[in-house]
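Values below: all heavy atoms of this structure, side chains included; hydrogens, waters and symmetry mates excluded. To find a chain, count down the sequence lines: A is the first, B the second, and so on, and within it residues start at 1. All values reported here derive from a predicted model rather than from experimental measurement.
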Amino acid sequence: GAVVSQHPSRVICKSGTSVKIECRSLDFQATTMFWYRQFPKQSLMLMATSNEGSKATYEQGVEKDKFLINHASLTLSTLTVTSAHPEDSSFYICSARDIRGDYNEQFFGPGTRLTVL
Amino acid sequence: DAKTTQPNSMESNEEEPVHLPCNHSTISGTDYIHWYRQLPSQGPEYVIHGLTSNVNNRMASLAIAEDRKSSTLILHRATLRDAAVYYCTKSGAGSYQLTFGKGTKLSVIP
């Protein structure tokens, strides 16, 4: 199966700083990538849909100025959490849609654990 | 509500079959049904998907009700490595977004 990587796998930062998370599709091109957030013992919540070369589409309630998404190439999307606060601490997961198939299968990254002190 | 409904938890003995149910009563004719599973602190792993017909792959089988309002993921012989949270999701044609419900936490007893 296709592989999606995320970097870093975990990050600890001070309140008020910005953190960038990278999501890469390693062996396929992805015109569409998705960003999810997962709090402990809860399900995945879709934050935004990222399309290569265009602005991301954010879900209701997600602040686009706080969670900056850039999908500059067919293999890379980045999520920047700006001015992070303790309530932003969560598990952030990306997924990428493989454009080769006729089925919209999504491949998920391993996730990034963000802890804001 | 676009979400699916699953039991919170299920248990199975090792090497026995497991049937994980999912209700998706609001499904439309072009929605795919997907199943993913997630281990703690990992991203979800694709298990299987289907549209109308039952599906089999090396990991599992997917049985889809005739009215498509429910489906069942079948693990033919549960192993300890199958212990995970299993999510049933759906997505429509042209919209590749997946909406995750709470999932079913499967415990496998040795």
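For the residue pair A:Glu52/A:Ser73, the side-chain donor-acceptor check at 3.5 Å is not satisfied.
In this structure, chain A has a heavy atom under 4.5 Å from the side chain of B:Gln38, while its backbone stays farther away. When heavy atoms are compared at a cutoff of 4.5 Å, A:Thr32 does not approach chain B at all. Both the backbone and the side chain of A:Leu44 have a heavy atom closer than 4.5 Å to some heavy atom of chain B. Heavy-atom distances place the side chain of A:Gln38, and not its backbone, under 4.5 Å from chain B.
Ring geometry for B:Tyr87 versus B:Phe100: interplanar angle over 60°, hence perpendicular rather than tilted (30 to 60°). In this pair, A:Phe108 and A:Tyr36 present their aromatic rings tilted. The plane angle is within the 30 to 60° band.
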A:Leu68 and A:Asn70: CA distance, side-chain angles, deciding distance, side-chain contact (heavy atoms from CB on, under 4.5 Å) verdict: CA-CA 7 Å; A:Leu68 301 179; A:Asn70 187 319; over 6 Å; no
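For the options A:Pro110, A:Gly111, A:Ser9, heavy-atom pairs under 4.5 Å to chain B are most numerous at A:Pro110.
Listed by first and then second residue, the salt bridge (Lys or Arg N to Asp or Glu O under 4.0 Å) pairs involving residues 55-69 of chain A are A:Lys66-A:Asp88 (not counting sequence neighbours).
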